[in-house]
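Have a look at the structure below, then the notes.
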2 protein chains.
Amino acid sequence: MPASDVAEQPEQPWSRRRLRSTNERLLLDRLRALGAASRAQLARETGLSKPTVSSALASLAAAGLVHEVGTQAPERGRTAVLYAPDPAAGYALGVDIGRGWLRVAVVDLDGTVVARADMRNRARASAALTDLVVSTARQVIANSGVDPAEVVHGVVGTPGVYDERQRRVRYAMHLPGWGRAGLVDGIRTELGVPLEVHNDANLAALGEYTYGVGAGSRLFAYILIGTGLGMGVVSEGRLFTGARGLAGEIGFLPWHGRQKPERLEDAVSGVAVVESARRFGMHGQLTAKAVFDAARQGHPGAVRAVELEGERIAHTVAAAAAVLDPDLVVLGGGVGHSVDLLLRPVRERLRALTPLRPRIAPSRLGEDAVLLGAVATALDTARDLVFERRTAGT
Amino acid sequence: MPASDVAEQPEQPWSRRRLRSTNERLLLDRLRALGAASRAQLARETGLSKPTVSSALASLAAAGLVHEVGTQAPERGRTAVLYAPDPAAGYALGVDIGRGWLRVAVVDLDGTVVARADMRNRARASAALTDLVVSTARQVIANSGVDPAEVVHGVVGTPGVYDERQRRVRYAMHLPGWGRAGLVDGIRTELGVPLEVHNDANLAALGEYTYGVGAGSRLFAYILIGTGLGMGVVSEGRLFTGARGLAGEIGFLPWHGRQKPERLEDAVSGVAVVESARRFGMHGQLTAKAVFDAARQGHPGAVRAVELEGERIAHTVAAAAAVLDPDLVVLGGGVGHSVDLLLRPVRERLRALTPLRPRIAPSRLGEDAVLLGAVATALDTARDLVFERRTAGT
DNA sequence: CGGATAAAGTTAAGGAGCCTTACTAGAGGC
DNA sequence: GCCTCTAGTAAGGCTCCTTAACTTTATCCG
């Protein structure tokens, strides 16, 4: 649910101005994909003529979006002048508001992190949380040395779903006070940066798709298992959000517990691991991590608890597989650290449950998935914005 | 899985020729949406100038894609000449291969059915089935009075999934012999019409989206319950197929039956209704329809069987809702006739299962959903093809 | 070392397609 | 009959792309 929705206008007339703009965009995208290229090379790759490439590139350079970055001698012939996108033409902000940690990063248009901070989130009220977010973000921007006005877009990841009309985050059970209306608007005005808010699992999926193990997947599901249970789906490179942004809320999948129907979230999340470990005879102050560690040592109760967790995850994967047909399912979140233990039971159980067995892999980005997803999303919009203002600015 | 995949080339240079083509396309699409319009009106709506509209429309008319259809006098001022797309510029073929029925229709570019046939499918072998399809399709084309060469595209709906590489339909358990390789190729060459093959539930979803109750939905799921169990998903107007075309194969959803884990398909489809009716005390030669009829008469065993079926459908809907977040779920297929009985138990059960409760509605198209979906899909491609060959033809 | 070759990039000419402006055509109101 | 208003056409100009020829600069090779 983007807070600043870019209205899609699918049917616009193609006047000459639009044509030029489209070709400049084509060249810029190509340059980003290649890193750096000469004008002759761009002409070959895009199918545009050499004069057109020269002139379009000149106007991109005048707008500050590209610049010369050196030369390259071909096998023989005149040395080529290489052009590359200017990473400093704009910056993007990524924020991950998690239950335990707040993470903020500023990236340039190349996607390179120029500043970052990870803070413990001890806020127990909405005011404290927004203050923490605003001050941390300001700090990070200051540390980056970037003019705040050059931070053209930001994306915030959080549990729950941002409701555009009510201007508040819904279903964010694990963040006290975070459901109040107007909080995001407050942060936005305090920072002076356009902000979107997205679900954390969705962003983690995008992060893992862009920078991690999901690259190139046609349909990719990221299952986030931690304090809660969520799933993000990336279809053909784009986030799949459903009708109201609630797609992937697999915590609500039907699940028949021991006594009564309950929510799958309560059966799969970290607490459930601890609970079943207790049931299998473990004692003391337990955390999910402790149970997994004990299982690694061979503690029989812990091993059984992990086994059970694996079966339940398999159930989750099977449901997602039957509905979505992903070619890759990535397990991340708190259990991400323990995927080595879970992979075998998950796969075994899956074999019994369904003939649809997508590839299953552990997260590569771990704790950074949400932040990197936020950054990737913000970057996308930031690139658009910087390109759009190109004409206005000159 | 389209058999003739239109390769997407997202990054093409926008030369002037492409620009003209895009504007002609824009005008044609607008005309289809409006039905008929004058050049001045088109200029106002598209933002193109009047001379441009005149010239583009003239070249569309020369290609036979549009023609004058009359005049309309405005409040005051000169009478306007109205243009409209020529429906006879091409035709599309839709085929629904079902277990009990084979349905074939030919439509013009307006989407009007110009000929149709519904035949009992008694084929028990692949040769008989392909023969039936080919002869029926030929017959329908002949009846339509259309030159077979003008049937530019066709879409076939069938249970299962067409595997492009193996050139055969997979997972089509209920059609004997239909899984053999090369059958579709045979039909294609016999008919001389380019054919795509799609899953029947997917097409039914598209049909219901295009002509039925799903119109305008952002994310729409069609659940087909009959001999088998399937689901089609339409997201933002486009079919959601998953990585390998298996999205919506909810027959494979995990389900814990009375003794052992089984496939949800066996618990929800028509046979399951009969089976539970038997368990609740009904006797004799039963069909799903008979059970529903008995329930309408108040037969207690039948009522309980229907109740149970409703609960299982609710389970299915809940799973789809948690993963996809649809704003509308349509129930169709064999049980479509009996949705009146099922809607209440489904909704009640759903309330207990999950807070995500999409709107649930019965199919409006009934038995025609698959055929109309095939027709709609074929029409889409046919319009593209006719537009593309516009230049080549002249 | 000088010419052949090859690639990068520029210049010049030409053309396609759109827009603006100015016009004609036709229909009603006063 | 004249004014006004809308539909549509004609002419000219502008933008931007392409082709083709040319310049520049590098390597290769005798």
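Per chain, numbering begins at 1; letters A, B, ... match sequence-line order. Predicted, not measured: the structure shown is a model, and the values here were computed from it. Computation of the quantities below employed the complete heavy-atom set of this structure, encompassing side-chain atoms and omitting hydrogens, waters and symmetry-equivalent molecules.
B:S49 comes within 4.0 angstrom of a nucleotide base, judged by non-hydrogen atoms across all strands. Among the heavy atoms of the strands, none lies under 4.0 Å from A:Q41. A:A40 comes within contact range of the sugar-phosphate backbone alone, with a heavy-atom separation under 4.0 Å but no base atom that close.
For B:L26 and C:dC18, the CG to C1' distance is 14 Å, given to the nearest whole Å. The CG atom of A:L42 sits 17 Å away from the C1' atom of C:dT10 (whole-angstrom rounding). Between A:L19 atom CG and D:dT18 atom C1' there is a gap of 12 Å when expressed in whole angstrom units. Protein atom CG of B:L27 is 13 Å distant from nucleotide atom P of D:dG8, rounded to whole Å. In this structure, B:L57 atom CG and C:dG17 atom P are separated by 16 Å, rounded to whole Å. At whole-Å resolution of the value, CD in A:E75 and P in C:dA8 are 11 Å apart.
The shortest distance between the side-chain N/O atoms of B:R20 and the OP1/OP2 oxygens of C:dA16 is not below 4.0 Å. Within the structure, every side-chain polar atom (N or O) of A:N23 is placed at least 4.0 Å from both OP1 and OP2 of D:dC16. Contact check, A:R44 against C:dA8: a side-chain N or O comes under 4.0 Å of OP1 or OP2. Note on B:R39: a side-chain N or O is less than 4.0 Å away from OP1 or OP2 of D:dG8. Within the 4.0 Å cut-off from OP1 or OP2 of D:dT23, not a single side-chain nitrogen or oxygen of A:R78 is found. Not one side-chain nitrogen or oxygen of A:T52 sits closer than 4.0 Å to the OP1 or OP2 atom of D:dC16. One finds a side-chain N or O of A:S54 lying less than 4.0 angstrom from the OP1 or OP2 phosphate oxygen of C:dT10.
The shortest side-chain heavy-atom distance between B:E196 and B:H153 falls under the 4.5 Å cut-off. Here the side chains of B:L65 and B:V386 are in contact, with some heavy-atom distance below 4.5 Å.
To the nearest 0.5 Å, the span separating CZ on B:R39 from NZ on B:K50 amounts to 10.5 Å. Atom CG of B:L34 is separated from atom CG of B:D29 by 11.0 Å, given to the nearest 0.5 angstrom.
Positionally, the nearest nucleotide of DNA chain D for B:R76 lies more toward the 5' end than for the other of B:R76 and A:R76.
Of the candidates D:dA7, C:dT21, C:dG9, C:dG9 carries the atom nearest the A:K50 side chain, counting heavy atoms from C-beta on. Set against D:dA20, D:dA7, C:dT20, the side chain of A:P51 has D:dA20 as its closest nucleotide.
Of the charged side-chain nitrogens involved, at least one lies within less than 4.0 Å of a carboxylate oxygen, so that B:R389 and B:E150 count as a salt-bridged pair.
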